[in-house]
Amino acid sequence: MATTSIWAVKDNLDRVLNYASNPLKTKETDSGYEYEGLENVIDYAVNDDKTERQLYVSGLNCHPSTVLQQMEQTKRNAHKEDGVLAFHAYQSFLPGEVTAETAHQIGLELAHQMWGDDFEVLVCTHTDKKHFHNHFVINSVSWTTYKRFLNKHSDYDRMRRLSDALCEKYRLNVITDPKKGVHYSEWQAKKQKKPTRRTLIEDDLERAIASSRTFTQFLQYLKSIGYDVKTNVKHIAVKPPGAPRFFRLYKVRDDGTYSEENIKKRIIEQDLYFEKRTRIKSKYQYHGNIKKAKKIKGIKALYFHYMYRMGIIPKNVPSRRKVHFIFKEDLRYMDRITEETTFLCKKKINTIEDLENYESEISNKIEKLVKERRCLYNKVKRCRNLERKEMIQKDIETISKEIKDYRKEVKLCEGIKQRSLKIKDKLQIVKEQENKVQERSSKERKRNY
C-alpha cells in the first residue's frame with residue numbers, strides 16, 4: 001500500500017533541491033523541513049544517509065549532479081522563471097512492505113508513466129525511516145514543449161491510480177476504500193473549538209426541527225431565515241444565506257443525522273406540547289441624561305452595530321432576536337473583532353479619517369525608531385567598552401519592542417479598514433434579504449385574507 005501527495009514549490013528552486021540532497025543530514029536527525037523551496041528539497045532528497053550513499057537517486061531527463069542547473073536552464077529557455085518553480089511529490093510505503101530496491105524501481109516507473117519524456121524529474125528513495133518512501137522533484141516547465149505542468153485534480157487522481165496499479169503489479173496492498181479528509185480550515189476550526197459553516201448549519205437545522213410539527217414546516221422555517229431550499233431534486237439541498245453552494249441535508253453530517261427520513265422521524269417523536277414560558281419583564285436603571293449622552297458614530301458605531309447583529313452584545317442578556325447566518329459565520333473571528341473594537345475604543349478612533357491619521361502617526365514613529373536602532377547597531381559594532389556595549393544592546397532591545405508593538409497597531413489599522421468594508425457589504429446584503437422576506441410574508445398574509 002502506498003500513499004501519495006504532491007504540492008507546489010514557489011519560493012526557491014535551489015533550496016528544494018538541497019532539501020532532497022544535503023549530504024550533511026544524518027539518519028537520526030529529523031530535518032523539520034516545511035516543504036518549501038527547491039534547493040533544500042533536492043538537497044534533502046539525495047541525502048547520503050537517507051539514500052544509502054545515493055544508491056537510490058535517479059534522474060528522469062536529467063542527471064542528479066546537475067539537476068538544478070538543468071531545471072533553471074529549461075525555465076530560462078522557456079522565459080518562464082516566475083510563478084510555480086517546481087512540484088514536490090512523495091510516495092510512501094508501509095514499514096517492511098518493500099525493499100529499497102523495489103521502492104526505488106516503483107518510483108522510477110511511476111515518474112516515467114506520470115511525466116514521461118516531457119519533464120525533468122529527480123527520483124530519490126529514502127531509507128532512513130521504517131517506512132521507505134520516494135521523493136519526486138518535478139520541474140514545472142517541460143524541457144520539450146516549454147509548457148507548464150499545472151497539477152490539476154485530475155493529475156493527482158492519475159498519479160494515485162498509477163501508484164495503485166504499480167502496487168498491484170508488485171503484489172503490494174492497495175487502499176480500496178479511501179476516506180475523504182476534511183478541509184484544513186474546518187479541521188483547524190474544530191481543533192480550536194470555533195464554529196464552522198457546517199456547525200452553523202447544524203444549529204439552524206436543530207432550531208428548525210424544534211420549531212416544526214411537519215416536514216413542510218421544517219422547510220418553511222429554513223426559508224423564513226433566508227435559506228434557499230431545493231426540493232425538486234433526488235436529495236433535498238439547502239444553501240445558507242451568503243454561502244457559495246448548496247449542502248445536501250444527508251451530507252451535512254457523515255452519520256446521516258440530517259437525512260430526510262431521520263428529520264421526519266425526529267419531528268414526529270418530539271413532544272407536541274410545551275410549557276408556556278412566562279415572560280419576565282426586565283428592569284433597567286439609567287444614570288445621567290440619555291438625551292445629552294454622546295452618540296457613537298462612524299467606524300466605532302459600525303463595529304458595535306455589527307457585534308449587536310452577531311448576538312454578542314448586550315452582554316449577558318438573553319436575546320430572542322434571530323441572528324442571520326452571515327453574521328454567525330464571523331463568530332470564528334470573534335477574538336480578532338473584539339481586539340479591533342477594543343483598539344478603536346482605547347485610541348478614541350471614531351472615523352476612517354481618525355484611523356488613517358493614527359496609522360500615519362504610528363508609521364512615522366516606526367520610521368524614526370528604525371533609524372535610531374540602525375544608529376545603535378553601528379555604535380555596537382564600533383564600541384570596545386563591554387559595559388557600554390551592554391547598555392546600547394539593552395537600548396536596542398527596548399526600541400525593538402516598541403517597533404514590534406507599533407507594527408501590531410499598524411496591522412490592526414489595516415485589518416479594521418478591510419473589515420469595515422466587508423461589514424458594510426454584509427449589512428447591505430442582509431438588509432436586502434430581510435426586505436425580500438418581509439415582502440414575501442406580507443404577500444402571503446394578503447393572500448390569506
Q. Thinking salt bridges, do Lys264 and Glu260 make one under a 4.0 Å N-O criterion?
A. yes

(Q) Donor-acceptor check, side chain of His133 to backbone of His131, threshold 3.5 angstrom: yes or no? (A) yes

Q.
Between Arg160 and Asp157 (salt bridge meaning N to carboxylate O under 4.0 Å), is one present in this structure?
A. yes

Q.
Strictly distance-based, threshold 3.5 Å: is any side-chain N or O of Tyr250 a donor or acceptor partner for the main-chain N or O of Glu261?
A. no

Q: List the steps and the verdict of side-chain contact (heavy atoms from CB on, under 4.5 Å) for Val57 and Leu122.
A: CA-CA 7 Å; Val57 177; Leu122 183 69; 4.1 Å; yes

Q.
With no hydrogens and no angle check, just 3.5 Å: does a side-chain donor-acceptor pair link Asn262 and Thr257?
A. no

Q: Evaluate side-chain contact (heavy atoms from CB on, under 4.5 Å) for Arg336 paired with Leu412, printing each intermediate quantity in order.
A: CA-CA 9 Å; Arg336 192 67 179 171; Leu412 274 174; 4.1 Å; yes

Q.
I'd like to know if the side chain of Trp115 reaches the main chain of Leu110, judged simply by a donor and an acceptor atom lying under 3.5 Å from each other, with no hydrogens or angles considered.
A. no

**Q.** Donor-acceptor contact below 3.5 Å, side chain Ser420 vs main chain Ile416
**A.** yes

Q: Write down the atom of Ala208, the atom of Ser212, and the distance for their closest heavy-atom approach.
A: O-OG, 2.5 Å

Q.
Whether Lys417 and Glu414 form a salt bridge (side-chain N of Lys/Arg under 4.0 Å from carboxylate O of Asp/Glu) is what I want to check.
A. yes

Q: Using a 4.5 Å cut-off on heavy atoms from C-beta on, say whether the side chain of Ile236 contacts that of Phe215.
A: yes

Q) Going from CG on Leu85 to CD1 on Ile138, what distance comes out if it is rounded to the nearest 0.5 angstrom? A) 13.0 Å

Q | Backbone of Tyr221 reached by a side-chain donor or acceptor of Ser224 within 3.5 Å | A | yes

Q: Would you give the length of the straight line joining atom CD1 of Ile263 to atom CG of Leu205, rounded to the nearest 0.5 angstrom?
A: 6.0 Å

(Q) Between Asn151 and Trp7, is there a side-chain heavy-atom distance shorter than 4.5 Å? (A) no

(Q) Testing the basics here: between Lys239 and Ala243, what is the closest heavy-atom pair and its distance to 0.1 Å? (A) CD-O, 3.6 Å

Q | Heavy-atom check, side chain of Glu409 versus side chain of Asp405, under 4.5 Å | A | no

**Q.** Test: Arg207 and Asp204 ion pair at under 4.0 Å
**A.** yes

Q. If you draw the axis of the six-membered ring of Phe246, does the NZ or CZ of Lys230 fall within 45° of it and under 6.0 Å from the ring centre?
A. yes

Q: Measure the spacing between CD of Gln91 and CG of Leu162 and express it to the nearest 0.5 Å.
A: 10.0 Å

Q: Please check if the side chain of Ser140 supplies one atom and the backbone of Val84 the other of a donor-acceptor pair under 3.5 Å.
A: yes

Q: Quick one: closest heavy-atom pair of Trp143 and Asp117, and the distance?
A: NE1-O, 2.9 Å

Q: Kindly indicate, with the supporting measurements, whether the criterion side-chain contact (heavy atoms from CB on, under 4.5 Å) is fulfilled by Tyr358 and Phe343.
A: CA-CA 12 Å; Tyr358 185 81; Phe343 175 78; 3.6 Å; yes

**Q.** Any His135 side-chain heavy atom under 4.5 Å of Val123 side chain
**A.** no

Q: Drop me the distance from Cys62's SG to Met71's CE, to the nearest 0.5 angstrom.
A: 5.5 Å

Q) Sub-3.5 Å donor-acceptor pair from the side chain of Thr145 to the main-chain atoms of Ser142, do we have one? A) no

Q. Can Phe132 and Glu101 be said to form a side-chain contact (heavy atoms from CB on, under 4.5 Å), step by step?
A. CA-CA 10 Å; Phe132 292 168; Glu101 292 83 0; over 6 Å; no

Q. Does the side chain of Leu344 reach to within under 4.5 Å of the side chain of Glu340, using non-hydrogen atoms?
A. no

Q: Pick out which of Arg253, Arg248, Lys251, Glu206 makes a side chain to side chain donor-acceptor pair (under 3.5 Å) with Tyr258.
A: Glu206

Q.
Regarding Glu361 and Lys365, does a basic nitrogen lie under 4.0 Å from an acidic carboxylate oxygen?
A. yes

Q | Aromatic ring pairing Phe119/Phe149, orientation class (parallel under 30°, perpendicular over 60°, tilted between) | A | perpendicular

Q) Counting N and O atoms only, with roles assigned by atom type, does the side chain of Ser163 sit under 3.5 Å from a partner on the main chain of Met159, one being a donor and the other an acceptor? A) no

Q | Exercise: identify the closest heavy-atom pair between Val410 and Ser363 | A | CG2-OG, 4.2 Å

Q. Hey, are the side chains of Phe304 and Cys345 touching, using non-hydrogen atoms and a 4.5 Å cut-off?
A. yes

Q | Nearest non-hydrogen partners of Val238 and Val229, listed with the distance | A | CG1-CG2, 4.2 Å

Q | Asn61 side chain near Thr144 side chain, heavy-atom distance below 4.5 Å | A | no

**Q.** Side-chain donor-acceptor contact under 3.5 Å, Glu109 with Gln105
**A.** yes

Q: Give, for atom NZ of Lys152 and atom CZ of Arg158, the distance between the pair rounded to the nearest 0.5 Å.
A: 13.0 Å

Q: Answer yes if the side chains of Thr214 and Thr216 hold a donor-acceptor pair under 3.5 Å, and no otherwise.
A: no

Q: Any chance you could measure His126, atom NE2, to Ser92, atom OG, to the nearest 0.5 Å?
A: 11.5 Å

Q. Within the side chain of Asn134, is there an N or O that forms a donor-acceptor pair under 3.5 Å with the backbone of Ala103?
A. yes

Q. Hey, does Tyr227 have a side-chain heavy atom less than 4.5 Å from the side chain of Pro241?
A. yes

(Q) Give me the atom names and distance for the closest heavy-atom approach of Gly116 to Leu60. (A) O-CD2, 3.5 Å

